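Reviewing the structure listed below.
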Amino acid sequence: MDYDFLRIEKEWQEAWNKDSKYKVDEVEGKPKFYVLDMFPYPSGAGLHVGHPLGYIASDVVARYKRHKGFNVLHPMGFDSFGLPAEQYAIQTGQHPAVTTEANTDRYRDQMQKIGFSFDWSREVMTSDPSYYKWTQWIFGRLFESWFDRDAGKAKPLNELIKAFDANGNFSVNPACDDNWWEGLDMELFPHFGSHFAGTFTATDWGSFNDAQKNAILMQFRLAYLADSEVNWCPELGTVLANDEVKDGLSERGGHPVEKKKMRQWMMRITAYAERLISGLDDLNWTDSIKEAQKNWVGRSEGAIVRFKTSFGKDVEVFTTRPDTIYGVSFMVLAPEHELVGALTSDENRSAVDEYIAAAKRKSERERQGEKEVTGVALGGSVLHPLTGAEIPVYIAEYVLAGYGTGAIMAVPAGDERDWKFAKHFGLDIPAIFEGVDTDEEVCVDDKAKLIASADLNGLTKKEAIPAAIEILETCGQGEKRVNYRLRDAVFSRQRYWGEPFPICYVDDIPQLIEDELISLPSVDAYLPTKDGEPPLARAAKDDWPVFKGDRMETNTMPGWAGSSWYFLRYMDPHNTESFCDRSKSDYWGQVDLYVGGAEHTTGHLLYSRFWTKFLCDLGFIGFDEPFKTMINQGMILGRSSFVYRVQGTSQFVTYEKRKEHKTQRLHVDINLVENDKLDIEGFKAWREEYADAEFILGDDGTFTCGHEVEKMSKSKYNVQTPDELVEKYGADTLRCYEMFLGPLTQSKPWDTQGISGVHNFLRKTARLVSASEEKEARVEELRIVHKTIDKVSSDLERHAFNTVVSAMMIAVNELGGLKEPCSKAALKDLVILLSPYAPHLAEELWNVLGGEEFVIEAVWPKANSQYLVSEKVIYPVSFNGKVRFKLTLPADMPADEVEKIAREDENTLKQMDGREIRKVIVVLGRIINIVG
RNA sequence: GCCCGGAUGGUGGAAUUGGUAGACACGUCAGACUUAAAAUCUGAUGACCUCACGGUCGUGCGGGUUCAAGUCCCGCUCCGGGUACCA
């Protein structure tokens with residue numbers, strides 16, 4: 001039988017579609033399994049072979065779980081809001097929705113050709129109004145909620161208002177910024193004065209007008225407005241991400257970028273900091289991802305310490321080592337710290353200003369990477385809270401404004417960086433550790449006992465920390481504090497192609513527009529306005545589908561808004577009454593297996609967890625972690641091919657002889673190369689300049705290309721799309737090959753050299769089946785098949801996708817090596833094993849073997865242990881660990897008998913050569929080791 | 001700088017709990033079939049020494065534990081990813 005994969009794949013895809021084989025519904029009583037893939041952004045370039053890697057793995061699992069009797073939810077959709085479509089719209093004027101649709105069509109088509117078992121009836125698209133209506137709705141819930149620190153969960157805002165009505169803010173503990181009242185516009189509260197410290201009574205609250213109440217409530221909402229510093233590029237009229245800024249200029253166009261405070265929507269993810277850490281415990285994720293998330297949240301325990309100044313304002317520092325407070329000899333502020341100006345003396349001012357300006361020009365990254373010790377003294381000083389000593393104040397890049405309080409107390413004796421700083425500037429290093437000469441080296445020993453530290457003398461770090469905090473609390477100069485690195489997330493974007501906010505303003509007070517879809521208004525251009533307003537500001541009142549209040553919010557939501565909850569929408573994609581009916585989310589529950597890249601560790605995965613926890617707190621769903629088990633697939637790198645041109649000529653020299661000439665290495669399109677041999681005619685036709693190329697061939701008359709593993713990119717001509725491979729070898733081959741390449745989690749080069757081996761395996765399988773006969777299965781066939789069932793099943797359970805393919809290859813080789821043709825009965829089980837990997841061929845072969853219905857619905861075979869045990873064991877006999885010969889013995893022979901036979905074997909006598917056997921180790925069924 | 005991965009033949013990789021290192025596949029070489037080619041099939045293929053039998057070395061490097069180490073421990077090197085000098 002010829003393996004006509006094109007016909008087979010087309011036919012069976014049509015057959016499955018006709019019967020809607022992959023459409024699922026909730027079935028009470030049937031166990032569910034939810035397999036989710038990374039949400040793709042449909043770019044104009046289409047899928048390349050790296051994309052399907054994870055999709056194939058998840059599809060294999062989905063199919064396997066169906067065979068095992070699970071009701072499998074395996075959906076696909078598109079994260080279709082995004083910058084490239086907007087960029088294209090700016091250039092061409094074409095509405096991004098048009099581009100997006102064309103791109104999603106291409107993606108869908110490509111995926112369908114690979115034969116994924118997605119339930120396409122559940123497809124969602126974040127840019128579809130019927131989807132983003134619910135993204136807006138979730139935003140609305142966040143806007144109308146606060147986080148109760150005492151209860152550790154989010155609650156509706158009206159509960160907070162009730163509490164304010166009853167007791168002011170004395171009996172509630174809502175999550176908010178430190179010194180939240182500093183975020184208020186004090187002009188709104190003329191009667192508060194400068195001593196207002198954030199407490200108000202029920203009477204106060206009752207006396208507030210709407211604007212005042214709103215301003216206060218804004219400090220506690222989970223979605224709130226605040227001034228946030230951004231990279232503003234006036235020329236582009238837009239805000240840039242950190243990595244879009246290089247040396248203070250925009251990467252695109254090289255325009256100046258300035259720091260600017262802008263009123264932005266924010267998400268209070270910090271309220272969930274603790275739960276984002278503790279929730280990791282129950283997840284089946286790799287330790288490295290959990291670690292990265294923990295580090296990102298960055299919990300550290302320590303204390304706030306206040307240092308007095310001469311002008312009445314304290315400088316607060318956060319420290320994890322309050323025990324070393326008597327070792328403080330100077331203080332360092334971030335260059336951006338608000339008190340820098342007040343602490344700077346006149347004679348130091350110009351040096352300070354210069355340092356600040358230099359720091360400002362550097363990106364955050366550059367500042368972090370700086371190894372040199374830099375800083376400058378302000379001239380001013382603060383008072384030590386316990387000793388009253390004058391502490392000089394510096395600014396330095398290594399102190400970041402965004403972490404802690406943006407100020408540190410420096411203890412050079414006990415901190416590496418502070419020590420280097422002190423040495424560099426010749427500052428005091430007070431000795432505070434017993435027996436350590438901290439003038440010579442910094443002390444990092446946690447067991448070191450404190451000296452010269454008053455009441456803390458003789459204590460170790462562990463004992464002294466609580467003691468120090470107590471001292472500070474007693475004198476009112478500080479208190480215990482848990483600090484997080486995590487910052488609230490900016491949720492506004494000055495873009496067109498994103499979700500509009502369901503917000504309008506009345507007298508500058510934001511109002512939530514409930515129960516109405518705010519779809520994107522049409523605009524005349526997708527650029528910011530001349531005044532730097534976002535593109536939506538171009539829409540006139542009539543352009544808006546809904547226009548309320550004085551003006552509409554003109555920012556849009558960021559890319560992660562829609563992708564933070566898509567896994568929920570898949571459960572109930574067409575619901576017009578709710579984002580997802582509770583009965584559906586109760587049935588499908590958490591995602592049982594998520595296959596995605598590690599690049600989303602600190603973005604998408606954190607935001608999804610945040611939204612899931614929030615929706616759970618309000619009772620909209622019944623679980624508070626989205627992804628129970630996660631596998632992170634590795635990157636697929638490209639394998640570039642090169643030709644060598646003799647310099648200054650149009651002569652090209654084959655790889656082996658390239659050193660005989662002075663050559664230039666040029667990328668050549670990998671489509672013109674097979675097994676490193678160049679298609680010379682194709683090469684000549686590739687580009688006009690090569691039409692007259694001459695070739696210095698190898699001794700075998702062929703032209704060999706060089707190669708290198710690089711990132712896949714258009715400019716390197718090494719992009720491999722799945723389409724060509726599907727056409728050339730078939731989807732089943734592509735699927736098997738991507739799995740066969742190696743462990744899913746590892747990055748690896750894409751190299752089509754090995755694909756023929758996998759294709760061959762499928763062809764051999766087809767041949768084996770077509771040669772099979774209707775007869776009873778023989779024991780030797782059953783041994784092979786059942787061994788394979790056992791191996792494939794256990795490998796799939798531990799997600800070892802690559803070794804499954806090897807195991808099936810071995811089975812086919814062994815069955816093919818038998819003297820007689822195989823029985824159809826034995827092959828049927830094998831074809832079921834094959835079906836998750838090569839569903840089309842499996843379906844075809846199942847049909848040939850006379851299988852009932854569809855193979856994709858067949859019950860997964862069970863390995864019969866009767867065929868797994870063998871009567872004999874081949875023992876390798878080693879001497880001092882080196883294998884010398886083999887002994888075939890009955891499998892049930894007891895250890896002492898095995899040892900006896902091994903001792904007496906003539907090979908043993910020969911190996912020992914008269915020496916005495918000191919010891920014999922027998923591991924039953926495994927190995928014999930003789931020590932002598 | 002810090003954190004997390006990784007390093008096994010010419011290549012991708014296998015070795016699941018410390019127990020025969022190199023499964024499976026590619027590539028290469030040789031052979032069969034063929035007028036020839038393609039396709040297919042068979043065999044060889046870690047390095048070195050040896051006609052052979054056989055032996056020595058061998059999982060990035062240096063040590064260690066063990067009857068036995070790719071696997072465990074200590075110290076390095078190089079590569080990849082993440083990143084925030086996190087006080």
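Residue numbers start from 1 in every chain, and the chains themselves are labelled A, B, ... in the order their sequence lines are given, proteins ahead of strands. Here the structure is a predicted model, which means the values were calculated and not measured.
Nucleotide B/C72 has B/G64 as its partner under the Watson-Crick or G-U criteria, with both atom distances under 3.5 Å. In this structure, B/C24 and B/G12 make a Watson-Crick or G-U wobble pair, each of the two defining distances being under 3.5 angstrom. If you check B/C51 for Watson-Crick or wobble pairing at under 3.5 angstrom, you find it has no partner at all. In this structure, B/C41 and B/G31 make a Watson-Crick or G-U wobble pair, each of the two defining distances being under 3.5 angstrom. Nucleotide B/G80 is matched to B/C4 when pairs are restricted to Watson-Crick or G-U wobble geometry with both distances under 3.5 angstrom. Figure legend. B/G46 is base-paired to B/C57; pairs are counted as Watson-Crick or G-U wobble with both atom distances under 3.5 Å.
A/N813 and A/K764 share a donor-acceptor pair across their side chains, judged by distance under 3.5 Å alone. Side-chain contact annotation: A/N632 with A/T745, donor-acceptor N/O pair under 3.5 Å absent. Side-chain atoms of A/Y355 and A/E397 include no donor-acceptor pair closer than 3.5 Å. For the residue pair A/D488/A/T270, the side-chain donor-acceptor check at 3.5 Å is satisfied.
At the phosphate of B/G13, neither OP1 nor OP2 sits under 4.0 Å from any side-chain N or O atom of A/S806. The side chain of A/N929 contributes no N or O atom lying less than 4.0 Å from OP1 or OP2 of B/U66. Remark: A/N632 is not in phosphate contact with B/G81, judged by side-chain N or O atoms under 4.0 Å from OP1 or OP2. Regarding contacts with the backbone of B/G13, a side-chain N or O of A/Q746 is found under 4.0 angstrom from either OP1 or OP2. A sub-4.0 Å separation between OP1 or OP2 of B/C86 and a side-chain N or O of A/R417 is present. Distances shorter than 4.0 Å separate none of the side-chain N or O atoms of A/R763 from OP1 or OP2 on B/A39.
Within 4.0 Å (heavy atoms only), A/V923 reaches at least one base atom of the nucleic acid. Among the heavy atoms of the strands, none lies under 4.0 Å from A/D418. Contact annotation for A/R798: base contact, defined as any heavy-atom pair under 4.0 Å involving a base atom. The residue A/K791 sits close to a base: some heavy atom pair falls under 4.0 Å. Among the protein residues, A/N483 comes within range of no part of the nucleic acid, since none of its heavy atoms lies under 4.0 Å from any strand. The residue A/K886 sits close to a base: some heavy atom pair falls under 4.0 Å. Looking at heavy-atom distances under 4.0 Å, A/L741 makes contact with sugar-phosphate atoms alone, never a base. Residue contacts for A/R884: at a heavy-atom cut-off of 4.0 Å it reaches the sugar-phosphate backbone alone, with no base atom in range.
Comparing B/G18 with B/U66, their C1' atoms sit 9 Å apart, to the nearest whole Å. Rounded to a whole angstrom, the distance from the P atom of B/U16 to that of B/C86 is 39 Å. Nucleotides B/G63 and B/A25 have their P atoms positioned 38 Å apart, rounded to a whole Å. Across B/G58 and B/G6, the matching P atoms stand 24 Å from one another, rounded to whole Å. Going from the P atom of B/C29 to that of B/A39 covers 14 Å, rounded to whole Å. For the C1' atoms, the distance linking B/G22 with B/G12 amounts to 13 Å, nearest Å. Taking the P atom of each, B/A15 and B/C24 are spaced 13 Å apart, rounded to whole Å. For B/G62 and B/G55, the C1' atoms lie 27 Å apart once the distance is rounded to whole Å.
Nucleotide B/G9 is shown with a syn base, its glycosidic torsion being within 90° of 0.
Checked for salt-bridge contact, A/K900 and A/D905 miss the test: no charged N lies under 4.0 Å from a carboxylate O. Between A/R918 and A/E916 no salt bridge is recorded (no basic side-chain N to carboxylate O distance below 4.0 Å).
Closest approach to the A/E291 side chain among B/C3, B/U40, B/A15 is made by B/C3 (side chain taken as heavy atoms from C-beta onward). Ranking B/U40, B/A15, B/A87 by closeness to the A/L400 side chain, first place goes to B/A87. Looking at the side chain of A/V883, the nearest of the listed nucleotides B/A21, B/A87, B/A25 is B/A21. Nearest nucleotide to the side chain of A/P876, out of B/U20, B/C24, B/G13: B/U20. With B/A87, B/C24, B/C4 as the choices, the nucleotide that has an atom nearest any side-chain atom of A/S300 turns out to be B/A87. Distances were taken from every side-chain heavy atom of A/N802 (C-beta onward) to each of B/U20, B/C67, B/A14; the shortest belongs to B/A14. Checking B/C67, B/C86, B/A14 against the side-chain heavy atoms of A/P743 singles out B/A14 as nearest. For A/D415, the listed nucleotide lying nearest its side chain is B/A87; candidates were B/A87, B/U20, B/C67.
Between the P atom of B/A23 and the CG atom of A/D795 lies a distance of 17 Å, rounded to the nearest Å. At whole-Å resolution of the value, CE in A/M739 and P in B/G13 are 14 Å apart. Atom NZ of A/K748 and atom P of B/U11 are 18 Å apart (whole Å). The nearest whole Å value for the distance from the CZ atom in A/F801 to the C1' atom in B/A25 is 19 Å. For the pair A/R485 CZ and B/C3 C1', the computed distance is 13 Å after rounding to whole Å. Spacing between atom NZ of A/K882 and atom P of B/G58 amounts to 8 Å, rounded to whole angstrom units. The nearest whole Å value for the distance from the CD1 atom in A/I304 to the P atom in B/C86 is 18 Å. One interatomic measurement links the two molecules: CZ of A/F761 to C1' of B/G12, which rounds to 17 Å at whole-angstrom precision.
Taking the nucleotide of RNA chain B with the nearest heavy atom to each of A/I289 and A/K294, the more 5' of the two is matched to A/I289. Mapping A/D287 and A/V805 onto RNA chain B via the closest heavy atom, the residue that lands nearer the 5' end is A/D287.
Checked against the 6.0 Å centroid criterion, the rings of A/F421 and A/Y394 qualify as a close aromatic pair. Residues A/F5 and A/H759 bring their aromatic ring centres within 6.0 Å.
The backbone N or O of A/P430 sits nowhere less than 3.5 Å from a side-chain atom of A/D428 that would complete a donor-acceptor pair.
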Walk me through it: do A/L741 and A/W750 pass the test side chain to side chain contact (heavy atoms under 4.5 Å, CB included)?
CA-CA 8 Å; A/L741 267 181; A/W750 177 256; 3.6 Å; yes
